[in-house]
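First listed ligand is number 1; within each ligand, the first listed atom is number 1. Not measured: the values here are computed from a predicted model.
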Amino acid sequence: SLKYENITVENRGKVALVTLNRPKQLNALCSPLFKELNDAMENIQADSKIGAIVLTGSQKAFAAGADIKEMSTQTFIDNYKSNFIADWTKITTVRKPIIAAVNGFALGGGCELAMMCDIIYAGEEAKFGQPEIKLGTIPGAGGTQRFTNHIFSNTENRNFVFLKRLTHAVGKSKAMEMVLTGSLISAQEALSSGLVAKVFPSDKLVEEAVKTAEIISSYSNPIVMMCKEAVNKAFELSLNEGLHLERRLFHATFATADRKEGMSAFVEKRKAKFEDK
Ligand code: CAA
């Protein structure tokens, strides 16, 4: 943690708590911050003691977007050559689950960063938005792409095809309203549109996110990763391809000691002891 200037990393048992730490700039996402975040995520992915991650900001801002001061002098050629923002999506290659705990503003790239995580929890005062239109630009880190996808991510255990269509429609209208007007939505609106999984009092948010991350970390880490992989593939594959992949991953769990332990423990009426193998 000491080696970073723009973030802090703290281990809480099997949970890594990563905090964006440019509070005076409302955690504006400058390039050095993303370098550090990518580095931290790589280390956490490699650390076998960690099972899940919580990503948070300050009470006032999860992140108020890409750093406008840094961007203001960039040209098209600069951005094209450096493929500006391409490295932001590295966080989506982390295989352990990431919970975004959003207090305050999650705007532009900040909202996009939250959407790159697997679960979003919001504090009561959270505000989400894609206000790039006000700056004469558009979302560049997934805001036009991930909104609708995430809105249909709440469809587990229901009729997949039907809900996919329904929520795409709901998702599109809400997403268009947000990206075209730059208006912000509240935590409650984010909850009802499925962007956020739960809303908590602001001062309880991080500890609640850590609690959920602890539950996830208590399971078999390789099985958790397979589960995350399967859900994420739902956004990319056709229904039949997705079901096929899911079934094969399900079969693969039977090659693990933890699957055997989990089912044996149930049959023997005792608590399972997972060993990540
Ligand atoms: N970039 C750089 N600095 C930022 C910033 C950002 N995105 N957001 C806030 N700051 C800075 C402010 O410049 C200010 O710095 P100084 O004290 O040095 O002046 C400090 O953080 C505090 O901000 P405010 O004084 O503005 O705080 P406020 O409470 O009055 O307003 C706010 C809060 C409504 C969030 C306002 O700061 C704001 O509108 N921020 C910009 C939001 C935005 O447009 N985000 C999208 C960025 S573009 C993008 O993200 C592209 C993409 O898709 C990748």
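- With hydrogens and angles disregarded, no donor-acceptor distance shorter than 3.5 Å links the side chain of Lys174 to the backbone of Ser193.
- Ligand 1 lies out of reach of Lys134, whose nearest heavy atom is not under 4.0 Å from it.
- Counting only heavy atoms of the protein, atom 1 (N) of ligand 1 lies nearest to Ile68 N, 2.8 Å.
- Under 4.0 angstrom from ligand 1, the non-hydrogen atoms of Ala28 all belong to its side chain.
- Ring orientation note: the planes of Phe34 and Trp88 are close to parallel, at an angle under 30° on the 30°/60° scale.
- Heavy-atom minimum distance, Tyr219 versus Phe274: CA-CD1, 3.8 Å.
- Listed by number with element, the atoms of ligand 1 under 4.0 Å from a non-hydrogen atom of Met71 are 48 (S).
- Of the protein's non-hydrogen atoms, the one nearest atom 26 (O) of ligand 1 is Leu26 CD1, 5.0 Å.
- Within a 4.0 Å radius of atom 44 (O) of ligand 1, the protein contributes one or more non-hydrogen atoms.
- Using a 4.0 Å cut-off between heavy atoms, Pro131 contacts ligand 1 through its side chain alone, with no backbone atom that close.
- For atom 8 (N) of ligand 1, the closest non-hydrogen atom on the protein side is Ala64 CB, 3.5 Å.
- Leu17 approaches Arg12 most closely through the heavy-atom pair CD2-NH2, 3.5 Å.
- Nearest protein heavy-atom contact of atom 10 (N) of ligand 1 is Gln25 O, 3.8 Å.
- Between Thr181 and Ile133 the shortest heavy-atom distance is C-CG2, 4.0 Å.
- Proximity of a side-chain donor or acceptor of Asp276 to a complementary backbone N or O of Ser220 within less than 3.5 Å is not detected.
- Among the atoms of Ile138, none of the N or O lies under 3.5 angstrom from an N or O of ligand 1.
- Under the 3.5 Å distance criterion, the side-chain polar atoms of Glu132 are left unmatched by any main-chain donor or acceptor of Gly140.
- The closest donor-acceptor contact from the side chain of Arg22 to the backbone of Ala28 lies under 3.5 Å.
- Annotation: Phe105 places no N or O atom under 3.5 Å from an N or O atom of ligand 1; distance criterion only.
- Not a single protein heavy atom sits closer than 4.0 Å to atom 17 (O) of ligand 1.
- Proximity to Lys60 (heavy-atom distance under 4.0 Å) selects the following atoms of ligand 1: 27 (O), 28 (P), 29 (O).
- Of all non-hydrogen atoms in Glu275 and Asp258, the two that sit nearest each other are N-OD1, 2.8 Å.
- Distances below 4.0 Å separate heavy atoms of Glu112 from the following atoms of ligand 1: 52 (C), 53 (O), 54 (C).
- Without hydrogens or angle criteria, Glu36 side chain to Tyr4 main chain gives no donor-acceptor distance under 3.5 Å.
- Residue-ligand proximity, Leu135 to ligand 1, at heavy-atom distances under 4.0 Å covers atoms 44 (O), 47 (C), 48 (S).
- Counting heavy atoms under 4.0 Å from ligand 1, residue Glu70 does not touch it at all.
- A distance of 12.0 Å separates NZ in Lys14 from CD1 in Ile216, rounded to the nearest 0.5 Å.
- Of all the atoms in ligand 1, the ones that sit under 4.0 Å from a non-hydrogen atom of Ile85 are 54 (C).
- Among protein heavy atoms, the minimum distance from atom 15 (O) of ligand 1 is reached at Lys69 NZ, 3.2 Å.
- Considering all non-hydrogen atoms of both residues, Phe105 and Leu184 come closest at CE2-CD1, 4.2 Å.
- At least one protein heavy atom sits closer than 4.0 Å to atom 23 (O) of ligand 1.
- Heavy-atom proximity to Leu107, at under 4.0 Å, picks out these atoms of ligand 1: 35 (C), 42 (C).
- For atom 38 (C) of ligand 1, the nearest protein heavy atom lies 4.0 Å or farther away.
- Set against the non-hydrogen atoms of Lys24, the atoms of ligand 1 under 4.0 Å away are 20 (C), 21 (O), 22 (C).
- Using a 4.0 Å cut-off between heavy atoms, Glu132 contacts ligand 1 through its side chain alone, with no backbone atom that close.
- Close contacts of ligand 1 with Asp67, meaning ligand atoms under 4.0 Å from a residue heavy atom, involve 1 (N), 2 (C).
- In this structure, Gln130 contributes its side chain and Met178 its backbone to no donor-acceptor pair below 3.5 Å.
- In this structure, atom 31 (O) of ligand 1 is not in close contact with the protein, since no protein heavy atom lies within 4.0 Å of it.
- Summarising the geometry of Leu55 relative to Cys117, their closest heavy-atom pair is CD2-SG, 3.9 Å, with the distance given to 0.1 Å.
- A donor-acceptor contact shorter than 3.5 Å links the side chain of Asn27 to the backbone of Ala61.
- Contact annotation: Gln130 has no heavy atom less than 4.0 Å from any atom of ligand 1.
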